[in-house]
There are 2 protein chains.
Amino acid sequence: MIYDIDVTEELIKNNIKPSYQRLKILSYLAFKRNHPTVEQIFNELVDDIPTLSKTTVYNSLNLFIQAGLVKPLNIEDHETRYDYDTSDHGHFKCIECGTIKDFSLKIDIDNDSMSGYEILEKNVYCKGYCPRCLENKKKI
Amino acid sequence: MIYDIDVTEELIKNNIKPSYQRLKILSYLAFKRNHPTVEQIFNELVDDIPTLSKTTVYNSLNLFIQAGLVKPLNIEDHETRYDYDTSDHGHFKCIECGTIKDFSLKIDIDNDSMSGYEILEKNVYCKGYCPRCLENKKKI
DNA sequence: ATGATAAATGTAACGATTACAAATGTGGAG
DNA sequence: CTCCACATTTGTAATCGTTACATTTATCAT
């Protein structure tokens with residue numbers, strides 16, 4: 001499967017050489033805009049790149065994170081997910097079906113308690129039931 | 001070291017038998033009110049309970065979480081921390097010294113995008129520099 | 001072509017967590 | 001008090017995501 005989003009310039013701008021693997025990985029994220037795990041990325045790209053290694057996926061993603069092109073997501077307990085959308089937004093995970101959804105938000109941090117601190121990064125994630133799973137639960 | 005907070009009733013109320021180990025672990029959390037890792041909890045309690053096993057620490061903490069007595073914290077990438085304070089609040093971690101600080105907050109989630117969802121749990125964590133580390137950076 | 005450098009690959013190691021079986025503790029019936 | 005059933009604890013081994021590292025492959029200027 002080919003994801004026709006050209007991210008070459010994006011990589012060059014950030015001093016990352018646009019290798020074949022890096023282009024595939026980043027354009028996969030840019031096209032899908034889901035929040036995949038390394039496992040998912042690897043499994044979907046290995047058809048295109050039979051020699052692909054998971055290490056390469058890890059290496060590339062860590063490069064992207066350092067360059068600010070991608071944000072890691074720790075909504076799972078022990079598996080990192082990766083988000084192409086680096087803007088401030090929250091994530092909701094359905095504890096029934098596992099779907100992850102973006103949502104917009106406004107965080108009001110009590111300034112008194114945080115004066116003197118320099119906040120560089122905010123993360124918000126919620127858990128609960130999505131509408132579909134709520135429906136299904138009613139039926140049973 | 002003995003932490004003189006009696007959490008026996010708290011355990012009984014939640015149908016958890018107040019064994020020696022469980023009492024020690026929960027009262028450690030209640031007394032310290034820091035955000036320790038399993039490693040930290042184990043290291044501090046093993047002096048009191050020489051036969052203590054890490055598995056017991058994990059088992060007890062997972063029991064506490066299921067009962068809602070303790071909240072897990074995924075502010076670290078790959079190591080869970082545990083919080084005795086289960087009320088809604090945010091966590092700040094200094095990326096220099098690693099200190100974790102609680103702060104109060106108000107989250108305004110855009111209701112339009114989340115209508116139909118049932119949100120059971122909200123988590124907020126921020127990263128940046130604490131005042132002390134900001135001071136030290138200026139000096140250098 | 002050739003050689004220097006960067007990137008990709010595969011395997012092994014690591015660290016947090018869990019599975020599991022054996023040992024220990026607890027509490028009630030006789 | 002003793003015995004037995006059951007829960008808890010313990011230690012070891014397994015699991016799984018991630019990283020370290022050495023080897024192979026690709027890139028690119030000379």
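Here is how names work: the chains are called A, B, and so on, in the same order as the sequence lines, proteins then strands, and each is numbered from 1. Remember, predicted model here, so these are calculated numbers, not experimental data.
For B/S87, the side chain to side chain contact (heavy atoms under 4.5 Å, CB included) test picks out B/D85, B/H89, with sequence neighbours left out. For the side chain to side chain donor-acceptor pair (under 3.5 Å) test, residues two or more places apart in sequence or in another chain that qualify with A/E39 are A/K54. Contacts of B/E121 classified as side chain to side chain donor-acceptor pair (under 3.5 Å), with partners at least two apart in sequence or in another chain: B/N123. Partners of B/S53 according to the side chain to side chain contact (heavy atoms under 4.5 Å, CB included) rule, which considers only residues two or more places apart in sequence or in another chain, are B/T55, B/T56. For the salt bridge (Lys or Arg N to Asp or Glu O under 4.0 Å) test, residues two or more places apart in sequence or in another chain that qualify with A/K93 are A/E76. Remark: A/E135 engages A/K138 in a salt bridge (Lys or Arg N to Asp or Glu O under 4.0 Å) (not counting sequence neighbours). Residues passing the salt bridge (Lys or Arg N to Asp or Glu O under 4.0 Å) test with B/K139, sequence neighbours excluded: none.
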Check: Nucleotide by nucleotide, 5' to 3', does protein get under 4.0 Å of the base (B), only the sugar-phosphate (S), or neither (-) in nucleotides 10-18 of chain D, counting heavy atoms?
Finding: BBB----SB

Checklist line | Protein proximity profile, nucleotides 22-30 of chain D - base contact B, sugar-phosphate-only contact S, no contact -, cut-off 4.0 Å on heavy atoms | finding: ---------

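On the nucleic acid side, DNA chain C contacts chain A at distances under 4.0 Å to non-hydrogen atoms, with the end points of that region at C/dA6 to C/dT17.
Across the protein-nucleic acid pair, B/L11 atom CG and D/dA7 atom C1' stand 15 Å apart, rounded to whole Å.
Its side chain within the 4.5 Å cluster rule, A/I95 clusters with A/Y129, A/L134, B/L120 among the Ile, Leu, Val, Met, Phe, Trp and Tyr residues.
Pairs of residues two or more places apart, or lying in two chains, that qualify as ring pair (Phe, Tyr, Trp, His ring centres under 6.0 Å) and include a residue from residues 32-63 of chain B are B/H35-B/H91.
Cluster membership for B/L73 and B/L61, using ILVMFWY side-chain heavy atoms within less than 4.5 angstrom, is not shared.
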